[in-house]
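In what follows, a structure is listed as C-alpha cells, so that the remarks can point back to it.
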Amino acid sequence: MSISCFSLLFCLPFLTFLTIHSKPVTSPYLSPTTIFPNYQNMLKTFKIFMYTPNAAFTFNSPAESLFYASLQNSPFVTRDAEEAHLFFVPFASGLSARSIARVIRRLREELPYWNRTLGADHFYLSCAGLGYESDRNLVELKKNSIQISCFPAPAGKFIPHKDIALPPFPKSNVPHAPANRTARFLGYFGHSGVKESSLVNELVNDPDFLIESEPPNHLSYTERLASSKFCLFEYGGDVSGIGKALRFGCVPAVITDRPIQDLPFLDVLRWQEIVVFVPVGGVKELKLVLGRTYGDRHEQMSKLGVKASQHFVWNEVPQPLDSFHTVMYQLWLRRHTIRYPRRE
C-alpha cells in the first residue's frame with residue numbers, strides 16, 4: 001500500500017514526516033497556552049450528576065472499572081442535579097440493547113433531565129461501544145450522548161468529536177524511564193496481540209528490529225523500550241504499551257490500514273508530534289517511513305512523547321493530569337455542546 005492520503009485525517013500524521021516545521025514544536029498540546037488554566041478551572045467548577053443504578057453491576061475492562069470508581073469518589077460528583085454540567089448514565093458491560101433502552105426510557109419518564117436535551121448532556125461507559133438501533137431511546141443515546149469507550153473501538157461504534165476513548169490500560173507497571181538511554185535497535189515489536197502478522201514474519205530476521213511475543217520479565221521489557229528508537233503497534237491489536245513507550249522515549253509507530261478516528265485525548269494532544277502513523281505494507285515501506293522520522297525529528301518527538309506520557313498513567317487514587325483527570329478534561333470541553341436555561 002502506497003502512502004496515499006485517502007482522507008484528511010489520515011493525511012495529517014503522514015505530513016509530519018513528509019514536511020519540515022517552520023518552527024520547532026515545543027509542546028505536545030493542541031492548545032498549550034490554555035490547557036492548564038482550563039484544567040484548573042475544570043477542577044474548581046465541573047460537576048457531574050450520577051444516576052443511581054437499579055442494582056449493583058460491574059464492568060468487564062480494568063480501564064472502565066477504574067474510571068467509574070474514580071468518578072464515584074471524586075469531587076466532581078454532585079447530588080444537586082440542577083448544578084450539574086453533565087449527567088452520567090451507569091449500566092453494566094454486556095447489557096443487552098433492550099435493557100439499555102429500558103434504562104433510558106425510565107430516565108425519560110421519571111426525571112426531567114434527559115428530555116431537556118434529548119441526552120446531549122449525558123455520557124456513559126461502554127468499552128465495546130454501542131451500535132445503531134431503531135429504538136428511539138437507543139437512537140438518542142447513540143447520536144446525542146457522549147460515549148466513553150476503550151481504544152481501539154470497534155469499527156462503526158465511535159463518533160469522532162463527540163465520543164471519547166479511554167487510554168489503554170497497561171498490563172503491568174514499569175519502573176521510571178532511565179535518565180540516559182542508548183537506542184541499539186530501530187524498532188521493537190512486542191506482538192502478543194497479533195500472532196499471525198505477516199509483518200512479524202518479515203521482521204524476525206531483520207537485525208534492525210527486536211521482535212518477540214513476550215519479554216522474559218518486566219525488567220527485560222523496560223530494557224527493550226529504552227534500547228529502541230521506535231515501538232511498533234498494529235492498530236486493532238495489542239496497544240496497551242503505547243503509554244509506556246511514550247514514557248521511555250520510544251516513539252510509537254502505529255501500523256494501520258485505515259484512518260484512526262478514536263485516538264485517546266484527540267482534543268488535547270498533537271498526536272502527529274508524538275506518534276508515527278505507518279500504512280500497512282512490508283519491511284521496505286516501514287523502514288522508509290521510519291527513516292524519514294530520524295535524527296532531530298525523532299529526538300523532538302521522543303521528548304514530546306515523554307511530556308505527554310503523564311496522561312496515559314492510570315492510578316488507583318487519581319493524580320493530577322493522569323488518565324482519569326484528562327478524560328474528565330475532555331468531558332469538560334464538551335459541557336457546552338448543548339445548553340438549556342437553568343432555573344434561577
Side-chain angles (χ1 to χ4, degrees), residues 27-53 59 63-91 104 107 111-126 140-141 143-149 151 159-167 263-270 307-344:
S27 171
Y29 301 111
L30 289 170
S31 304
T33 59
T34 60
I35 179 173
F36 295 110
N38 284 345
Y39 175 82
Q40 292 301 322
N41 189 18
M42 175 201 72
L43 294 179
K44 295 176 183 177
T45 63
F46 194 30
K47 293 301 177 183
I48 303 291
F49 182 83
M50 300 181 70
Y51 293 113
T52 303
F59 290 105
E64 285 177 295
S65 298
L66 188 51
F67 177 84
Y68 181 59
S70 299
L71 179 61
Q72 284 182 303
N73 298 317
S74 75
F76 297 115
V77 175
T78 178
R79 294 184 178 181
D80 182 0
E82 293 300 329
E83 74 169 0
H85 298 93
L86 295 177
F87 297 77
F88 177 66
V89 183
F91 52 82
I104 304 305
L107 297 181
L111 296 167
Y113 313 115
W114 181 274
N115 294 322
R116 293 193 299 195
T117 65
L118 299 181
D121 55 358
H122 288 55
F123 69 100
Y124 62 96
L125 275 172
S126 176
E140 291 180 1
L141 180 67
K143 289 189 174 182
N144 298 340
S145 301
I146 302 165
Q147 173 183 280
I148 301 180
S149 59
F151 173 73
I159 302 177
H161 310 299
K162 176 182 76 70
D163 295 340
I164 295 172
L166 294 171
L263 290 165
F265 311 140
L266 202 56
D267 309 319
V268 178
L269 297 176
R270 296 179 182 268
K307 289 182 180 180
S309 66
Q310 64 180 321
H311 303 292
F312 292 81
V313 178
W314 285 100
N315 295 297
E316 291 292 336
V317 178
Q319 301 299 315
L321 296 169
D322 66 358
S323 289
F324 170 73
H325 280 103
T326 312
V327 172
M328 293 302 298
Y329 180 72
Q330 287 192 285
L331 285 170
W332 183 81
L333 291 175
R334 287 158 170 75
R335 73 198 185 283
H336 291 315
T337 300
I338 293 181
R339 297 311 305 155
Y340 49 85
R342 290 178 182 269
R343 292 186 298 191
E344 298 297 334

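Quick note: residue numbers are just sequence positions, from 1.
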(Q) Given 3.5 Å as the limit, does a donor-acceptor pair link the side chain of R334 with the main chain of Q330, or not? (A) yes

Separation between CG (L66) and OG (S323), nearest 0.5 Å, reads 8.5 Å

Is the distance between the ring centroids of W332 and H85 less than 6.0 Å?
no

Distance col, row K162:NZ vs S145:OG, nearest 0.5 angstrom, shows 6.5 Å

* Asked: Side chains of P28 and K307: does their closest heavy-atom pair fall under 4.5 Å?
  -> yes

Do L43 and H325 pass the side chain to side chain contact (heavy atoms under 4.5 Å, CB included) test, and can you show the C-alpha distance, the side-chain angles, and the key distance before you say yes or no?
-> CA-CA 9 Å; L43 294 179; H325 280 103; 3.9 Å; yes

- [ ] Could you label the plane-to-plane angle of the Y113 and F49 rings as parallel, tilted or perpendicular, counting under 30° as parallel and over 60° as perpendicular?
- [x] tilted

Discussion item. Please check: side-chain N/O of E83 versus main-chain N/O of A81, any donor-acceptor pairing under 3.5 Å?
Written reply: no

Separation between CD1 (I159) and CD1 (I146), nearest 0.5 Å, reads 11.5 Å

Do any N or O atoms from the side chain of N73 and from the backbone of A69 form a donor-acceptor pair under 3.5 angstrom?
yes

To the nearest 0.5 Å, atom CZ of F123 lies from atom CZ of F87 at 10.5 Å

How far apart are the C-alpha atoms of L125 and F88, what are their side-chain angles, what is the distance that settles it, and do they pass the side chain to side chain contact (heavy atoms under 4.5 Å, CB included) test?
CA-CA 9 Å; L125 275 172; F88 177 66; 4.2 Å; yes

Per-pair distances, 0.1 Å, donor-acceptor, side chain in residues 29-37, under 3.5 Å, sequence neighbours excluded:
{"residue": "Y29", "atom": "OH", "partner": "Q310", "partner atom": "NE2", "Å": "3.3"}
{"residue": "Y29", "atom": "OH", "partner": "H311", "partner atom": "NE2", "Å": "2.7"}
{"residue": "T34", "atom": "OG1", "partner": "S31", "partner atom": "O", "Å": "3.4"}

Cut-off 3.5 Å, side chains only: do S126 and Q147 have a donor facing an acceptor? no

Between F151 and L166, the two heavy atoms sitting closest are CB-O, 3.5 Å

Review point. Can you list the steps and then say if D163 with I148 is a side chain to side chain contact (heavy atoms under 4.5 Å, CB included)?
Key: CA-CA 6 Å; D163 295 340; I148 301 180; over 6 Å; no

For this output row, return yes or no: ring centroids of F265 and F312 closer than 6.0 angstrom. yes

Correct closest heavy-atom pair for A84 and I48 would be CB-C, 4.3 Å

- Item | pair S74-V77: side-chain heavy atoms closer than 4.5 Å | yes

Fill in: Any F46 side-chain heavy atom under 4.5 Å of N41 side chain
no

Nearest heavy-atom contact between S70 and N315 is OG-O, 4.5 Å

Determine whether F67 and F324 satisfy the following criterion, side chain to side chain contact (heavy atoms under 4.5 Å, CB included), listing intermediate values before the conclusion. CA-CA 6 Å; F67 177 84; F324 170 73; 3.5 Å; yes

### Task
Examine distances only and state if a side-chain atom of W314 and a backbone atom of P167 form a donor-acceptor pair shorter than 3.5 Å.
yes

Report task. Kindly say whether L321 contributes a backbone atom to a donor-acceptor pair with the side chain of Y39 at under 3.5 angstrom? Result -> yes

Margin query: Under a 3.5 Å distance rule, please check whether S149 uses its side chain to pair with a backbone N or O of A165 as donor and acceptor.
Written below: no

Rounded to the nearest 0.5 angstrom, the CG-CG distance for N38 and L333 is 7.0 Å

One should read off an interatomic distance between K47 NZ and D80 CG, to the nearest 0.5 angstrom, of 10.5 Å

